[in-house]
2 protein chains.
Amino acid sequence: MAEQRNTRQRRAVKGVLDQLEGFHSAQEIHEFLRDSGEQIGLSTVYRNLVSLADANEVDALRNDEGETLYRRCSSGHHHHHLVCRTCGKTVEVDGPAAEQWAESIASAHGFKNVSHTFEIFGTCEQCQR
Amino acid sequence: MAEQRNTRQRRAVKGVLDQLEGFHSAQEIHEFLRDSGEQIGLSTVYRNLVSLADANEVDALRNDEGETLYRRCSSGHHHHHLVCRTCGKTVEVDGPAAEQWAESIASAHGFKNVSHTFEIFGTCEQCQR
DNA sequence: CTGAATGCAAACCTTTTGCATGCGC
DNA sequence: GCGCATGCAAAAGGTTTGCATTCAG
């Protein structure tokens, strides 16, 4: 489906996602790239992040402030996250129990087309100091 | 903490929240009030919703589009929601299992100050037709 | 009367888009 | 060379804020 050209900018965006540990906003990623001397427009960062997310090459989630955060997706399958509020460090969480719970609740109430948001935010060990 | 004046507008906002079934955006609530003949500014709706949310008198959550949705909180205790994407109808869900799951995951990774977002979105029976 | 709440418009923030230019293929 | 990707600036949404005015207490 996604026939993407291998541009310098796209490579750069993917590169940052490999380097950065956790979830980060598009603006942070843009800033990081600019600081690294990479010349790239903010809209290009957005466009690439959106297309990467569509292609399931990165995870996207929304934080409490309504920003969209992105992170390179290590495993292809569905999972959730434990995210540090301070540094963005992320632990990937597999929650079959939670999945089933959501599914059964939804169908018990006759809901179809169900999606869910399960994200856990906290302060990681390092950032507690 | 919150010493709020009992203005006509604040009463109106609370009134709508009592009437409306599920989660609705500030804009929807504003529109609803205007349609009901109530004269009220959009900013006032926002200000009241924010203060009500701060006072824990209403629930607030963000949908996938990044809008903030509000709903009168029926029970004081912690719970989650099953929300219809189309009509906003909401089912309150009690998920002790999910709570514990989140808690144990977080502490297993040394995270403190944990909060979580568990929301289920779907299409309710009525809106499927 | 006094200061908090309101209303309006303008500001803000993140994200998206239109359009001319540039570059991967 | 063709057409998608880029860059910029401007637009679009949702939400917040500055400031003069209104009104609850």
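Predicted model only: the values in this text are computed from it and were never measured.
- One can place CG of Asn48(A) at 16 Å from P of dC4(D), the figure rounded to the nearest angstrom.
- Within the 4.0 Å cut-off from OP1 or OP2 of dG14(D), not a single side-chain nitrogen or oxygen of Ser25(B) is found.
- Looking at residues 35-47 of chain A, you'll see Gln39(A), Ile40(A), Gly41(A), Ser43(A), Thr44(A), Arg47(A) sit with a heavy atom under 4.0 Å from some atom of DNA chain D.
- One can place CD of Gln27(A) at 13 Å from C1' of dT16(C), the figure rounded to the nearest angstrom.
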Quick one, Phe111(A) with Val114(A), criterion side-chain contact (heavy atoms from CB on, under 4.5 Å). Give me CA distance, side-chain angles, the key distance, then yes/no.
CA-CA 7 Å; Phe111(A) 280 57; Val114(A) 177; 4.3 Å; yes
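- Using a distance-only test at 3.5 Å, with no hydrogens or angles considered, a donor-acceptor pair links the side chain of Ser25(A) to the main chain of Glu28(A).
- The aromatic rings of Trp101(B) and Phe118(B) sit tilted, their planes meeting at an angle between 30° and 60°.
- A side-chain N or O of His116(A) and one of Glu99(A) form a donor-acceptor pair less than 3.5 Å apart.
- Taking the six-membered ring wherever Trp is involved, the centroid distance between the rings of His30(B) and His24(B) does not fall below 6.0 Å.
- For the pair Leu49(B) CG and dT16(D) P, the computed distance is 10 Å after rounding to whole Å.
- Look at Arg8(B) and Glu38(B) and you find a salt bridge, because one of the NZ, NE, NH1 or NH2 atoms lies within 4.0 Å of a carboxylate O, short of that distance.
- Look at Gln9(B) and you won't find any side-chain N or O under 4.0 angstrom from OP1 or OP2 of dT22(D).
- Arg10(B) and Ser51(B) share a donor-acceptor pair across their side chains, judged by distance under 3.5 Å alone.
- Checked by atom type, the side-chain pair Glu57(B)/Tyr70(B) shows no donor-acceptor distance below 3.5 Å.
- Rounded to whole angstrom, the span from the CD atom of Glu65(B) across to the P atom of dT14(C) amounts to 19 Å.
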Mind listing the N/O atom pairs, protein and nucleotides 23-25 of chain C, below 3.5 Å?
unit_1  : atom_1 : unit_2  : atom_2 : d
dG24(C) : N2     : Arg5(A) : NH2    : 3.3
dC25(C) : OP1    : Asn6(A) : N      : 3.2

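- For the pair Arg10(A) and Tyr70(B), nearest-nucleotide mapping onto DNA chain D gives the more 5' position to Arg10(A).
- Taking the six-membered ring where tryptophan is involved, the planes of Phe23(B) and His81(B) are perpendicular, since the angle between them exceeds 60° and thus also 30°.
- Whole-Å rounding puts the Asp54(B) CG to dA5(C) P distance at 13 Å.
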